[in-house]
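Reviewing the structure listed below.
Below, chain A is the first sequence line, B the second, and so on; all start at residue 1. No experiment lies behind these values; they were computed from the predicted model shown.
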Protein chains: 2
Amino acid sequence: MLKKRNVMTIGTLAKTAGVGVETVRYYQRRGLMSEPEKPYGGIRHYDEQALARLHFIRASQWLGFSLDEIGELLTLQDGAHCDEARELGEQKLISVRRKISHLQQIEQALNELVQKCSAGHGDVYCPLMASLNDGFEDATTDKHKVR
Amino acid sequence: MLKKRNVMTIGTLAKTAGVGVETVRYYQRRGLMSEPEKPYGGIRHYDEQALARLHFIRASQWLGFSLDEIGELLTLQDGAHCDEARELGEQKLISVRRKISHLQQIEQALNELVQKCSAGHGDVYCPLMASLNDGFEDATTDKHKVR
DNA sequence: ATTGCTTCCGTAGTGAGGTACGGGTTTAAG
DNA sequence: CTTAAACCCGTACCTCACTACGGAAGCAAT
């Protein structure tokens, strides 16, 4: 695994960043990473800039950004587009908070149902099943798409 | 729209339950709903049992169950399989709680970054971008798959 | 020189939960 | 009787982020 001055093959790069080779190639196709020109008949080499780019992508993904959004973020990298970046961050924060409160509603409802099932009952019926059969009129009355 | 004694066509059924016709047919293909035999040369009719089934599915989906899991739940509908149902509910509750705490970590990290950006800075650099460029060493050090 | 692991490249498949299409019947209304 | 809407059916397509496949060619070690 020769690694002269941080010059890597795609395999080494991928392993170092903890992603698959195919994933790197996929990011290239998506335009998230540039493909280095190949040196006369063969194998491309990557430096730590490429590695940093991968870290950027994974970090952004961890925060919930989609690959399209990450592409947008990347255009803001050079220069002082802090306002735009912050705006994207705020949007994402809003959507994360929405997801959290949605899940908290579910958590509450599910917890109630499970509790009711755990409390001894006549074994003739199941409170959880009964609620589901009733279309779950409970707790949350909002009709909205599941997806 | 003749509706003699709650007998519906697939279109009426779908509209009543708030789903698409194609969705009903998809659930049939998935085995979540039975297809009523068609009366000599044509159009099937559905009763409120079918409607209840759709409500069951949507309610379960709202609670975070996948269609496969819903299939499993449906096998527990008849009889006193309350223990199994509760078990599934508990598993789902655990996964919902995991998702919540994951999102809360994200919420916190994102909030910090956005705050830092909002606090006036020299405009020479963007704290949010800087963090992403560093691969976001911050807040959460756990390396795990994003998907 | 041969084995055996990478790399290169394009294309196709995965999973979840649907949605859309196209071509053929039926049925309800006018 | 004709037309428009609704139904039947199979198959293909969608999103998202990958993952796999297959064949050719390179490169490192034995």
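- D/dC27 atom C1' lies 16 Å from atom CD1 of A/I10, rounded to whole Å.
- Residue pairs meeting the salt bridge (charged side-chain N to carboxylate O under 4.0 Å, His left out) criterion with at least one member in residues 60-70 of chain A, sequence neighbours excluded: A/R30-A/D68, A/E69-A/K92.
- Atom pair A/Q28:CD and C/dC9:P shows a separation of 9 Å (rounding to whole Å applied).
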Practice prompt. List the steps, then state whether side-chain contact (heavy atoms from CB on, under 4.5 Å) holds for A/L63 with B/L113.
Written response: CA-CA 11 Å; A/L63 288 173; B/L113 290 177; 4.0 Å; yes
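- As a whole-Å value, the separation of B/Y46 OH from D/dC7 C1' is 9 Å.
- The CZ-C1' distance, from B/F65 to C/dA16, rounds to 17 Å in whole Å.
- Proximity of A/Q61 to the phosphate of D/dC18: a side-chain N or O atom is located under 4.0 Å from OP1 or OP2.
- Rounded to a whole Å, the CZ atom of A/R44 is 19 Å from the P atom of C/dT6.
- Summarising the geometry, the separation between CD on B/E37 and P on D/dC9 is reported as 12 Å, rounded to the nearest angstrom.
- Look at CD1 on A/I43: it is 10 Å from P on C/dC9, rounded to the nearest Å.
- Listed nucleotides: D/dC7, C/dC8, D/dC18. Nearest to the side chain of A/Y26: D/dC18.
- Side-chain proximity of B/T9 to D/dT19, C/dC8, D/dA6: nearest is D/dA6.
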Could you write out each protein N or O paired with an N or O of nucleotides 11-13 of chain C at a distance under 3.5 Å?
none

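- Along DNA chain D, the nucleotide nearest B/V21 and the nucleotide nearest A/L67 are compared for position; the residue whose nucleotide lies closer to the 5' end is B/V21.
- For A/Y27 and D/dA17, the shortest distance from a side-chain N or O to OP1 or OP2 is not below 4.0 Å.
- For A/Q104, the side chain to side chain donor-acceptor pair (under 3.5 Å) criterion is met by no residue, not counting sequence neighbours.
- For the residue pair B/R58 and B/Q61, a side-chain donor N or O sits within less than 3.5 Å of a side-chain acceptor on the partner.
- For D/dC18, the OP1/OP2 oxygens have a side-chain nitrogen or oxygen of A/R58 closer than 4.0 Å.
- Remark: P of C/dT7 and NE2 of A/H45 are 14 Å apart, rounded to the nearest angstrom.
- At least one donor-acceptor pair under 3.5 Å links the side chain of A/N133 to the backbone N or O of A/M129.
- Of all heavy-atom pairs spanning B/P36 and B/R44, the tightest one is O-NH1, 3.0 Å.
- Relative to the side chain of B/T23, the nucleotides D/dC18, C/dG18, D/dC8 differ in distance, and C/dG18 lies closest.
- Under the 4.0 Å criterion applied to side-chain N and carboxylate O atoms, A/K116 and A/E112 are not assigned as salt-bridge partners.
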